[in-house]
Number of protein chains: 2
Amino acid sequence: MVQKRAAVLEVLRSSEGHLQADEIFRRVKQYYPNMVLATVYNNLHALTNDGYIRHIKTATGADFYDKTPTPHEHALCVNCGKLIDADLGDLAALLHERADVPVLSYDLILHTVCPDCDSGCNENNI
Amino acid sequence: MVQKRAAVLEVLRSSEGHLQADEIFRRVKQYYPNMVLATVYNNLHALTNDGYIRHIKTATGADFYDKTPTPHEHALCVNCGKLIDADLGDLAALLHERADVPVLSYDLILHTVCPDCDSGCNENNI
DNA sequence: ACTCTTTTTAGAACAATTCTAAAAGGAGGC
DNA sequence: GCCTCCTTTTAGAATTGTTCTAAAAAGAGT
């Protein structure tokens with residue numbers, strides 16, 4: 001494992017777990033100031049391919065990277081834009097079972113109000 | 001309802017049901033050659049707001065518009081890129097029930113091989 | 001040291017969508 | 001028939017996150 005790839009992985013692992021490429025870039029840049037965004041993308045793709053992390057595409061075009069590669073669902077906070085984990089049990093099995101088409105995989109993003117925003121919801125008039 | 005808006009809706013209604021903006025543009029342009037893509041987007045937004053159609057965002061950035069506004073799920077064919085309807089029963093209820101976060105709404109796209117591609121799958125070495 | 005492959009860089013390119021400001025169109029009142 | 005107001009349309013630029021390209025740099029193995 002190459003230095004900068006390791007740095008990208010380390011930044012992600014030491015984070016809350018769901019970062020966007022530009023945020024990872026910002027953080028890795030503190031250790032490697034001459035780092036470039038393309039390198040972050042290169043390494044994120046490589047790490048995703050190798051199964052170290054997971055790439056979560058959202059419909060808004062702002063993709064997230066997840067330090068936890070094992071399958072689980074996600075929810076996007078409509079207030080703060082943060083991506084959090086969501087527990088839906090073994091949804092994959094259920095989708096396979098119920099769907100009237102073969103399910104190779106799926107993209108699911110719930111829209112929610114995260115606990116942080118919910119507790120402070122008066123501030124933002126939700 | 002204004003002429004061009006009606007034309008956009010009519011093109012969508014007379015289609016298989018899941019078109020992308022540029023395809024709608026191409027089709028409407030046959031009747032209104034001076035039509036512009038921005039107008040298609042304007043009208044698609046208006047029609048979506050008014051509940052005539054549904055806007056389906058995909059993670060690939062290629063959004064679809066659905067002539068059927070009532071809730072149902074979708075599957076994207078990994079071979080031909082077509083979006084088809086998928087029946088999963090009342091998934092919304094299930095997600096609300098199972099999720100450990102409040103579910104305001106959700107984006108779900110299954111990945112599948114559509115019947116057309118499945119029947120001709122040898123041609124494309126799937 | 002030499003070669004081969006991988007990684008990194010810099011910056012351009014991309015693609016779908018959105019924005020902006022101006023022009024055109026249409027409806028209703030007078 | 002004209003005026004005013006509001007909506008729709010146009011043209012084209014801007015946006016945004018991501019991907020591509022070609023060249024430079026770095027590493028590994030011999």
State yes or no: do A:Tyr106 and B:Val78 share one hydrophobic cluster built from I, L, V, M, F, W and Y residues joined by side-chain heavy-atom distances below 4.5 Å, directly or via other members? no

If you compare all heavy atoms of A:Arg54 against all heavy atoms of A:His72, which two are closest, and at what distance to 0.1 Å? NH2-O, 2.8 Å

Under 4.0 Å, heavy atoms only, any strand: does B:His45 hit a base, just the sugar-phosphate, or nothing? sugar-phosphate

According to a hydrophobic-cluster definition based on side-chain heavy atoms being under 4.5 Å apart (Ile, Leu, Val, Met, Phe, Trp, Tyr only), do A:Tyr41 and A:Ile24 belong together? yes

Outermost contacting nts on DNA chain C, any atom under 4.0 Å from chain B heavy atoms, listed 5' then 3', are C:dA16 to C:dC19

What's touching nucleotides 7-9 of chain D from the protein side, N or O pairs under 3.5 Å?
from, atom 1, to, atom 2, distance (Å)
D:dT9, OP2, B:Asn43, OD1, 3.2
D:dT9, OP2, B:Asn43, ND2, 3.3
D:dT9, O3', B:Lys4, NZ, 3.2

Enclosure of A:Tyr32 OH (heavy-atom neighbours >12, cutoff 6.0 Å): yes

According to a 4.5 Å side-chain heavy-atom criterion applied to Ile, Leu, Val, Met, Phe, Trp and Tyr, with indirect links allowed, do B:Leu37 and B:Leu19 form part of one hydrophobic cluster? yes

So, A:Arg13 and A:Glu10, do they make that salt bridge, N to O below 4.0 Å? no

How is B:Ala21 classified with respect to the nucleic acid when contacts are heavy atoms under 4.0 Å: base, sugar-phosphate, or nothing? sugar-phosphate

Is there a donor-acceptor contact under 3.5 Å from the side chain of B:Asp100 to the main chain of A:Asp87? yes

According to the interplanar angle, ranging from 0 to 90°, do the rings of A:Tyr65 and A:His55 count as parallel (below 30°), tilted (30 to 60°) or perpendicular (above 60°)? parallel

Closer than 3.5 angstrom, by distance alone: can the side chain of B:His18 be matched with the main-chain N or O of B:Lys82 as a donor-acceptor pair? no

Protein N or O to nucleotides 15-17 of chain D N or O, pairs below 3.5 Å:
from, atom 1, to, atom 2, distance (Å)
D:dG17, O3', A:Gly61, O, 2.7

In one Ile/Leu/Val/Met/Phe/Trp/Tyr side-chain cluster, 4.5 Å: B:Leu76, B:Val113: no

